[in-house]
Amino acid sequence: MRFFLVLCTFFALPFAAQAVELNGTLAQGGLVVGQVQPGSVVTLDGQTVAVAANGAFVMGFSRDAEPRARLKVLGPGGSVEEQTLSIAKQTYQVQRIDGLPTRKVTPNPADVAHIKADNAKIGAVRSSMSTDPRFLSGFHWPVSGPISGVFGSQRILNGTPKSPHNGVDVAAPRGSIIQAPADGVVALVADDMFYTGKTMMIDHGLGLTSVYAHMDDIFVIEGQVLSQGDALGTVGQTGRATGPHLHWGLTWKAVHVDPQLAAGPMMK
Ligand SMILES: [Zn+2]
């Protein structure tokens, strides 16, 4: 499918400099994990980036990130290193989905209240900042199957343009086991969100969170510590979905990134 082009276009870099080491994809939607000397202060375009006690940090680049970003590292001994990062541009497709129930595209006032309450819960998780860099486990695919929706695509639902798709969709039979793609802590379990149905979220540390939507069953509870590969629940079709699939989102603070870039090619 078309999305493989994205993976081939960019290569994971390690590149090293004196004060900072970066691993990941410097592209729109890319996630980059960095390492500095413990006690360093890191800023990205002037905004402070949280650094773990061991010197690890993480940052993400949005769907529409500017072509350059400025990374600055203040070492504990007073050294200063600045780098200009080149952020590769992505192209996004248009995805039309028809046949959704009208109410799931144009919600009524009661639905709007439901959506606001859902968004407040999701927003609270995304604005939290736990200190353990659990994302250092790296990311695997939580489920395997055909990719039915890529990150960043402009969506037209029942003919109406909507926000870009902020995760990746993997089609899989109802009941397929979803595994934790990385270490983390369960940050949210919700039974009935308007758009995402049975939904759970994982906190991977330092503002990096992931979301799992349209689930059929959830096996975990809030606060549960997860290791990569632990069973989270099963694939379903709850919320706004035209067939059983997992919507998997990965977000650094409020910045949605492409889980496909973080997980790499899927093992079949
Ligand atoms: Zn989706």
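Throughout, numbering of the chain's residues begins at 1 and tracks the sequence. We count ligands from 1, going down the list as the structure has it; atoms in each ligand are counted the same way.
Around the Zn ion (ligand 1), the angle linking His165 (NE2) with His247 (ND1) is 100°, rounded to 10 degrees.
Among the atoms of His214, none of the N, O or S atoms falls under 2.8 Å from the Zn ion (ligand 1).
When you scan the N, O or S atoms of Asp169 for the one nearest the Zn ion (ligand 1), you land on OD1.
Open room surrounds CZ on Arg96; 12 or fewer heavy atoms of other groups in view lie less than 6.0 Å from it.
Using a 4.5 Å cut-off between side-chain heavy atoms of Ile, Leu, Val, Met, Phe, Trp and Tyr, Ile97 falls into a hydrophobic cluster with Leu100, Val105, Leu157.
Taking a cutoff of 4.0 Å between a charged side-chain nitrogen and a carboxylate oxygen, Glu81 and Lys72 do not qualify as a salt bridge.
Annotation: ring pair (Phe, Tyr, Trp, His ring centres under 6.0 Å) contacts involving residues 122-156, sequence neighbours excluded, comprise Phe139-His204, Trp141-Trp248.
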